[in-house]
**Q** 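Below is one structure. I have some questions about it.
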Amino acid sequence: MHRLWNLLGKKKTASKKTDHLVSGCMEAALGIFFICCMSVLSPFSGVDEGELRGCPPSPNCVSSQSMKYNFIHKVDPISYTTSREIAFQRIAKYFHESENIYISEEKEGEYIRIIFFTKVFRFPDRVEVYFPESKNEVQVRSQSIIGLWDVFANRRRVNRFREILNEEGS
């Protein structure tokens with residue numbers, strides 16, 4: 001009988017360890033799930049009081065209107081030397097002629113919201129381009145909707161926009 005109690009006692013101890021391990025793994029999995037879903041639950045898109053809305057805390061978003069010292073999300077606004085109308089037409093032409101892009105909102109001369117789809121897996125990325133009246137700058141926000149990290153895809157995309165707006169004679 002003593003041996004049976006020892007077996008049951010050891011089994012109970014192992015069960016507690018297993019329970020703690022499973023509980024810890026579930027907490028970690030839920031934490032990662034919520035961090036990844038912050039992109040979906042992030043601030044709504046659009047312009048609010050002359051600024052694009054902020055990025056979620058996950059590193060899969062870049063914005064030119066992010067906090068100055070936030071190196072994870074911060075990109076420089078895109079400057080242009082042409083008129084605001086010509087700059088808007090250049091970027092809008094690029095969006096309309098590109099594949100894997102869905103334009104979800106366009107306010108002529110002011111704002112464009114686009115959904116980019118990656119070529120291989122068709123992951124959606126939300127992109128916003130805002131042309132404020134006060135400066136010859138384009139404010140931009142690019143965010144991967146699914147996933148925790150974007151492998152710098154959003155930064156590369158913003159740099160491509162910078163090239164488009166700096167092209168001569170387009």
Side-chain angles (χ1 to χ4, degrees), residues 30-168 170:
L30 282 172
I32 291 170
F33 174 76
F34 284 121
I35 288 172
C36 291
C37 289
M38 280 187 211
S39 298
V40 177
L41 304 172
S42 68
F44 296 106
S45 55
V47 179
D48 184 35
E49 296 180 15
E51 290 192 5
L52 295 170
R53 297 186 190 257
C55 286
S58 55
N60 61 352
C61 177
V62 295
S63 174
S64 59
Q65 293 185 320
S66 187
M67 295 183 308
K68 185 176 182 180
Y69 299 106
N70 184 343
F71 66 92
I72 293 173
H73 300 121
K74 181 70 176 157
V75 291
D76 292 328
I78 303 170
S79 299
Y80 55 89
T81 56
T82 63
S83 69
R84 182 175 177 230
E85 293 78 23
I86 291 173
F88 184 87
Q89 289 171 2
R90 280 184 187 171
I91 202 80
K93 180 181 177 191
Y94 169 74
F95 295 146
H96 286 284
E97 292 177 354
S98 296
E99 56 186 39
N100 299 328
I101 292 178
Y102 168 71
I103 299 173
S104 59
E105 183 179 351
E106 184 173 353
K107 294 179 184 174
E108 187 63 39
E110 181 182 349
Y111 174 78
I112 305 175
R113 183 184 320 140
I114 310 103
I115 304 293
F116 274 80
F117 294 95
T118 60
K119 289 183 180 181
V120 178
F121 295 111
R122 309 283 296 156
F123 292 133
D125 293 348
R126 183 184 307 132
V127 177
E128 297 175 277
V129 179
Y130 173 56
F131 289 78
E133 290 184 35
S134 58
K135 298 179 183 177
N136 280 3
E137 289 182 342
V138 178
Q139 301 297 337
V140 64
R141 179 179 185 272
S142 182
Q143 174 187 0
S144 299
I145 297 174
I146 298 174
L148 180 61
W149 192 47
D150 65 353
V151 195
F152 302 110
N154 291 309
R155 288 186 186 279
R156 288 192 308 268
R157 184 176 295 126
V158 170
N159 286 334
R160 177 66 185 129
F161 298 162
R162 199 176 307 280
E163 292 170 3
I164 291 166
L165 288 175
N166 289 324
E167 288 175 359
E168 293 295 323
S170 297

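It should be emphasised that the depicted structure is a prediction, and the values quoted were computed from it without experimental measurement.
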**Q** Checking the side chain of S63 only, and the main-chain atoms of C55 only, is there a donor and an acceptor separated by less than 3.5 Å?
**A**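 Between the backbone of C55 and the side chain of S63 there is no qualifying donor-acceptor contact (under 3.5 Å).
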
**Q** Suppose we screen for ring pair (Phe, Tyr, Trp, His ring centres under 6.0 Å). Which residues come up paired with F152, at least two apart in sequence or across chains?
**A**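 F152 satisfies ring pair (Phe, Tyr, Trp, His ring centres under 6.0 Å) with W149 once adjacent residues are dropped.
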
**Q** Residues in side chain to side chain donor-acceptor pair (under 3.5 Å) with Q65, at least two apart?
**A**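 If we apply the side chain to side chain donor-acceptor pair (under 3.5 Å) test to Q65, skipping adjacent residues, there are no hits.
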
**Q** F116: which residues meet the ring pair (Phe, Tyr, Trp, His ring centres under 6.0 Å) condition with it, sequence neighbours left out?
**A**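 Per chain and number, F116 pairs via ring pair (Phe, Tyr, Trp, His ring centres under 6.0 Å) with no residue.
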
**Q** Once you round to the nearest 0.5 Å, how far does NE2 of H73 lie from CG of N154?
**A**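 Taking NE2 in H73 and CG in N154, the distance rounds to 10.0 Å.
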
**Q** Sequence neighbours left out, what passes salt bridge (Lys or Arg N to Asp or Glu O under 4.0 Å) with E99? Give chain and number order.
**A**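 Salt bridge (Lys or Arg N to Asp or Glu O under 4.0 Å) check on E99 returns nothing, list empty.
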
**Q** Which atom names give the shortest non-hydrogen contact between Y130 and G50, and what distance separates them?
**A**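 Here Y130 and G50 meet closest at CE2-O, 3.3 Å.
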
**Q** Would you give the length of the straight line joining atom OG of S142 to atom CZ of R155, rounded to the nearest 0.5 angstrom?
**A**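 One gets 10.5 Å once the value is rounded to the nearest 0.5 Å.
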
**Q** Any donor and acceptor pair, going by atom type alone, linking the side chain of R84 with main-chain N or O of G109 inside 3.5 Å?
**A**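 Confirmed, R84 side chain pairs with G109 backbone.
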
**Q** In chain order, what residues pass the side chain to side chain contact (heavy atoms under 4.5 Å, CB included) check against D48, with sequence neighbours excluded?
**A**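 Per chain and number, D48 pairs via side chain to side chain contact (heavy atoms under 4.5 Å, CB included) with R53.
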
**Q** If you compare all heavy atoms of R160 against all heavy atoms of Y94, which two are closest, and at what distance to 0.1 Å?
**A**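 Closest approach of R160 to Y94: CG-OH, 4.0 Å.
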
**Q** Find the distance between CZ (R141) and OG (S64) and round it off to the nearest 0.5 Å.
**A**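 R141 CZ to S64 OG: 10.5 Å, rounded to 0.5 Å.
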
**Q** Quick check: does any side chain N or O of N100 sit under 3.5 Å from a backbone N or O of K119, one acting as donor and the other as acceptor?
**A**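 Judged by distance alone, no pair lies under 3.5 Å.
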
**Q** Check step by step if ring pair (Phe, Tyr, Trp, His ring centres under 6.0 Å) holds for F161 and Y80.
**A** CA-CA 11 Å; F161 298 162; Y80 55 89; over 10 Å; no

**Q** Distance from Q143 atom CD to S58 atom OG, nearest 0.5 Å?
**A**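 Answer rounded to 0.5 Å: 6.5 Å.
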
**Q** Which residues pass the side chain to side chain donor-acceptor pair (under 3.5 Å) test with R113, not counting sequence neighbours?
**A**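 Counting only residues at least two positions away or on another chain, R113 forms a side chain to side chain donor-acceptor pair (under 3.5 Å) with S45, E105, Y111.
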
**Q** Looking at CD of Q89 and OG of S83, how far apart are the two atoms once the value is rounded to the nearest 0.5 Å?
**A**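 Going from CD on Q89 over to OG on S83, the span is 7.5 Å.
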
**Q** Nearest 0.5 angstrom please: L165 CG to R90 CZ, how far?
**A**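 These two atoms lie 7.0 Å from each other.
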
**Q** Can you list everything that forms a side chain to side chain donor-acceptor pair (under 3.5 Å) with R156? Sequence neighbours excluded, please.
**A**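 R156 satisfies side chain to side chain donor-acceptor pair (under 3.5 Å) with no other residue.
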
**Q** Could you pull out all residues at least two apart from N136 that satisfy side chain to side chain donor-acceptor pair (under 3.5 Å)?
**A**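 Counting only residues at least two positions away or on another chain, N136 forms no side chain to side chain donor-acceptor pair (under 3.5 Å).
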
**Q** With sequence neighbours excluded, what pairs up with R157 under the salt bridge (Lys or Arg N to Asp or Glu O under 4.0 Å) test?
**A**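 R157 satisfies salt bridge (Lys or Arg N to Asp or Glu O under 4.0 Å) with D125 only.
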
**Q** Quick check: does any side chain N or O of E137 sit under 3.5 Å from a backbone N or O of P132, one acting as donor and the other as acceptor?
**A**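 No.
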
**Q** Evaluate whether atom CD of E163 has more than 12 neighbouring non-hydrogen atoms of other residues, nucleotides or ligands under 6.0 angstrom away.
**A**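 Yes.
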
**Q** Which residues pass the side chain to side chain contact (heavy atoms under 4.5 Å, CB included) test with E108, sequence neighbours left out?
**A**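 Counting only residues at least two positions away or on another chain, E108 forms a side chain to side chain contact (heavy atoms under 4.5 Å, CB included) with F88, E106.
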
**Q** List the residues meeting ring pair (Phe, Tyr, Trp, His ring centres under 6.0 Å) with Y102, not counting sequence neighbours, and say none if there are none.
**A**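 Ring pair (Phe, Tyr, Trp, His ring centres under 6.0 Å) check on Y102 returns nothing, list empty.
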
**Q** Begin with the C-alpha distance, continue with both residues' side-chain angles, and end with the deciding distance and a verdict on side chain to side chain contact (heavy atoms under 4.5 Å, CB included) for I78 and I91.
**A** CA-CA 12 Å; I78 303 170; I91 202 80; over 6 Å; no

**Q** Go through the steps for V62 and V158 under the test side chain to side chain contact (heavy atoms under 4.5 Å, CB included), then give the verdict.
**A** CA-CA 9 Å; V62 295; V158 170; 4.0 Å; yes

**Q** Side chains of R162 and V138, heavy atoms from C-beta outward: is any pair under 4.5 Å?
**A**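 Not touching, per the 4.5 Å side-chain cut-off.
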
